[in-house]
S.K.: 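Just passing along the structure, written as structure tokens.
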There are 2 protein chains.
Amino acid sequence: MHSEDWVSHFPGLHSLPDDILAALIASSRVVQLPAGTRIFGPGHAPDAFILMLRGTVRVQQVSDTGREIVLYRVSAGDSCALTTACLMGYDDYQAEALAETDVAAVAIPRATFDDIIARSPDFRRFVFTAFSRRVTDLFRVIEEVAFARIDVRLAQRLLERANTDGHIELTHQQLAAELGTAREVISRQLNEFQRRGWITTSRGAIDITQPEALRQLATAP
Amino acid sequence: MHSEDWVSHFPGLHSLPDDILAALIASSRVVQLPAGTRIFGPGHAPDAFILMLRGTVRVQQVSDTGREIVLYRVSAGDSCALTTACLMGYDDYQAEALAETDVAAVAIPRATFDDIIARSPDFRRFVFTAFSRRVTDLFRVIEEVAFARIDVRLAQRLLERANTDGHIELTHQQLAAELGTAREVISRQLNEFQRRGWITTSRGAIDITQPEALRQLATAP
DNA sequence: GGCCGTATGTGACCAAGTCACAGGGTTTGC
DNA sequence: GCAAACCCTGTGACTTGGTCACATACGGCC
């Protein structure tokens, strides 16, 4: 891929004037990271604005008791809005980001980012729209953790993370970390789903056999 | 108060060049709102960037079952960062904001805001720092809701919302809405605190008699 | 005083998280 | 090929937190 090709991944950037686009391309670079890389964490503020080209990054929080919860995912075409916040606010993260797959991303240095924010209304809109989406995500997480039943949340998550065949390669522990709960809770819920014939389970994987039943639970009042 | 006096409330704005300050002051206006005003809510995106001069605004989320949780408060000297996000991202809020007291605030129209963001690095820094703080707050809320015990959270909140005499004028229902839990849970915890001699309760109010004990619980591992 | 709306108390029950531990697969190293 | 180590899953007993259904109790206000 030529270095300037990545712009085509971000519709929000097409309308930028040529000179700004040129500045963006000239000073940014494409980085490749292997799956499992810790991209940032508490005390490790990033120094660049990130645009994802390929792969997914998981942003999660870890409690002192070792329990985890996934806050959101950043995938191709997204920017990491929290990076943006902390980049600009010069604040440290409370969360950590991990590459779930091999990742390719554009890194725009802080100075360039600030410069382009100043020069382009469209770039501002692009950044703040992404930001706004993330904040909405965080609100949804709070609402679900505070108010939603665990069976409903698990059903949602299973549907979300299944491939088109209804296959999910996650352990109970990993699902617990998605939802911020304990492994035993997931095991019991999955047993219940299986007892009802909605899924089948095997070591490290789950297959959805009745997606409709799960969907109905997931959208229950 | 003269219209330009409010700038002194925001140290982050002092360093702005005179022409930018003048633009800010010229196009913004000071608004007064009585306690109880609903400032924004789902479907009611605000149309201005808000700087708080006096009073407090509570930003909360309401579940469909009627339970509530406080996300954060905006008080004098703060900006409403979420307003900022949604203002710039042109997105709707999922939460609502209520004036807890009589409120005075500066409203900066969207166009002016965008203009000044473009012109002033210091203003950008001011806005994004505020934003960053809010995001950190949201992370803390998620962590607490997902992982912290309710007695610890209640102790924290009691200390937070007590005046210097250790007096708190909140009903059990209101405390439940602060923490996103049920009224009965708060009642039982308060009874337990009272049984231990840490607080005394009366209708609609609580007095802390042993702040140290509460503090110890609030900072427990 | 009697009424009414709101605040609080309580017991029974259900949902979810914790703890301790038991097996069963898989992988690793020999 | 085998054993040890590790990870994944199952399970029972228990604690904590949330729900439901009421019962009181308090504070204004006629």
Side-chain angles (χ1 to χ4, degrees), chain A residues 36 61-69 142-158 167-196 199-207 217-218 220-221, chain B residues 36 61-69 141-158 167-196 199-207 217 220-221:
Chain A
Q61 201 159 41
V62 183
S63 83
D64 36 358
T65 69
R67 265 170 63 192
E68 302 177 9
I69 185 169
I142 292 177
E143 171 151 17
E144 287 182 357
V145 172
F147 304 134
R149 293 174 50 96
I150 197 71
D151 52 354
V152 174
R153 294 175 60 210
L154 178 57
Q156 284 171 0
R157 200 54 71 119
L158 289 176
H167 184 75
I168 305 157
E169 296 233 334
L170 289 173
T171 66
H172 300 184
Q173 182 59 61
Q174 288 172 316
L175 279 165
E178 294 269 331
L179 300 179
T181 183
R183 198 261 313 159
E184 298 90 322
V185 174
I186 298 295
S187 294
R188 274 168 217 161
Q189 293 296 337
L190 288 176
N191 279 342
E192 177 62 17
F193 289 173
Q194 189 163 29
R195 196 188 61 74
R196 296 187 196 168
I199 61 173
T200 61
T201 65
S202 50
R203 186 184 173 91
I206 296 160
D207 284 275
L217 177 60
Chain B
Q61 202 159 41
V62 184
S63 83
D64 36 359
T65 69
R67 264 170 65 192
E68 302 177 10
I69 186 169
V141 171
I142 292 176
E143 172 151 16
E144 288 182 355
V145 173
F147 305 133
R149 293 175 49 95
I150 197 70
D151 52 354
V152 173
R153 294 175 60 210
L154 178 57
Q156 284 171 359
R157 200 55 71 117
L158 288 175
H167 183 76
I168 305 157
E169 296 231 333
L170 289 174
T171 66
H172 300 185
Q173 181 59 61
Q174 287 171 316
L175 279 165
E178 294 270 331
L179 300 179
T181 183
R183 197 259 314 161
E184 297 91 319
V185 174
I186 298 295
S187 295
R188 279 185 266 243
Q189 293 295 337
L190 288 177
N191 280 342
E192 177 62 18
F193 289 173
Q194 188 163 29
R195 196 188 61 76
R196 296 187 196 168
I199 62 173
T200 61
T201 65
S202 50
R203 186 185 175 90
I206 296 160
D207 283 274
L217 176 61

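Atom set for the values below is all heavy atoms of this structure, side chains included, hydrogens, waters and symmetry mates excluded. Lettering follows sequence order; numbering is per chain, from 1.
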S.K.: Whole angstrom is fine here: how far is it from CD1 in B:I150 over to P in C:dT18?
M.R.: 14 Å
S.K.: Starting at the 5' end of nucleotides 8-15 of chain D, put B wherever the base has a protein heavy atom under 4.0 Å, S where only the sugar-phosphate does, and a dash everywhere else.
M.R.: SBBBBB--
S.K.: Scan for salt bridge (charged side-chain N to carboxylate O under 4.0 Å, His left out) pairs involving residues 172-185 of chain A, sequence neighbours excluded, and state none if there are none.
M.R.: A:R73-A:E178, A:R157-A:E178, A:R161-A:E178
S.K.: Provide, to the nearest angstrom, the distance between the CD1 atom belonging to B:I186 and the C1' atom belonging to D:dT16.
M.R.: 14 Å
S.K.: Which residues pass the side chain to side chain donor-acceptor pair (under 3.5 Å) test with B:R149, not counting sequence neighbours?
M.R.: B:D151
S.K.: Within the 4.5 Å heavy-atom criterion, are B:I150 and B:R153 side-chain neighbours or not?
M.R.: yes
S.K.: Compare all side-chain heavy atoms of B:L158 with those of B:F193 and state whether any distance is below 4.5 angstrom.
M.R.: yes
S.K.: Quick one: B:I69 CD1 to D:dG17 C1', roughly how many Å, whole number?
M.R.: 14 Å
S.K.: Partners of A:Q194 by side chain to side chain donor-acceptor pair (under 3.5 Å), sequence neighbours excluded?
M.R.: A:T201
S.K.: Between atom CZ in A:R67 and atom P in C:dA16, what is the gap in whole Å?
M.R.: 13 Å
S.K.: Rounded to the nearest Å, what distance is computed from the CG atom of residue B:L217 to the C1' atom of nucleotide D:dT16?
M.R.: 14 Å
S.K.: Check nucleotides 1-4 of chain C against the protein and report each pair of N or O atoms closer than 3.5 Å, with its distance, or say if there are none.
M.R.:
none

S.K.: I need the CG-P distance between B:L179 and D:dT16, as an integer number of Å.
M.R.: 18 Å
S.K.: Could you tell me which residues satisfy side chain to side chain donor-acceptor pair (under 3.5 Å) with A:D207, sequence neighbours excluded, listed by chain and number?
M.R.: A:H167
S.K.: Any side-chain heavy atom of B:F147 sitting closer than 4.5 Å to one from A:I69?
M.R.: yes
S.K.: Side-chain contact, heavy-atom cut-off 4.5 Å: B:L175 with B:I206?
M.R.: yes
S.K.: Compare side-chain N and O positions of A:Q189 against OP1 and OP2 of C:dA15 and report whether any pair is under 4.0 Å apart.
M.R.: no
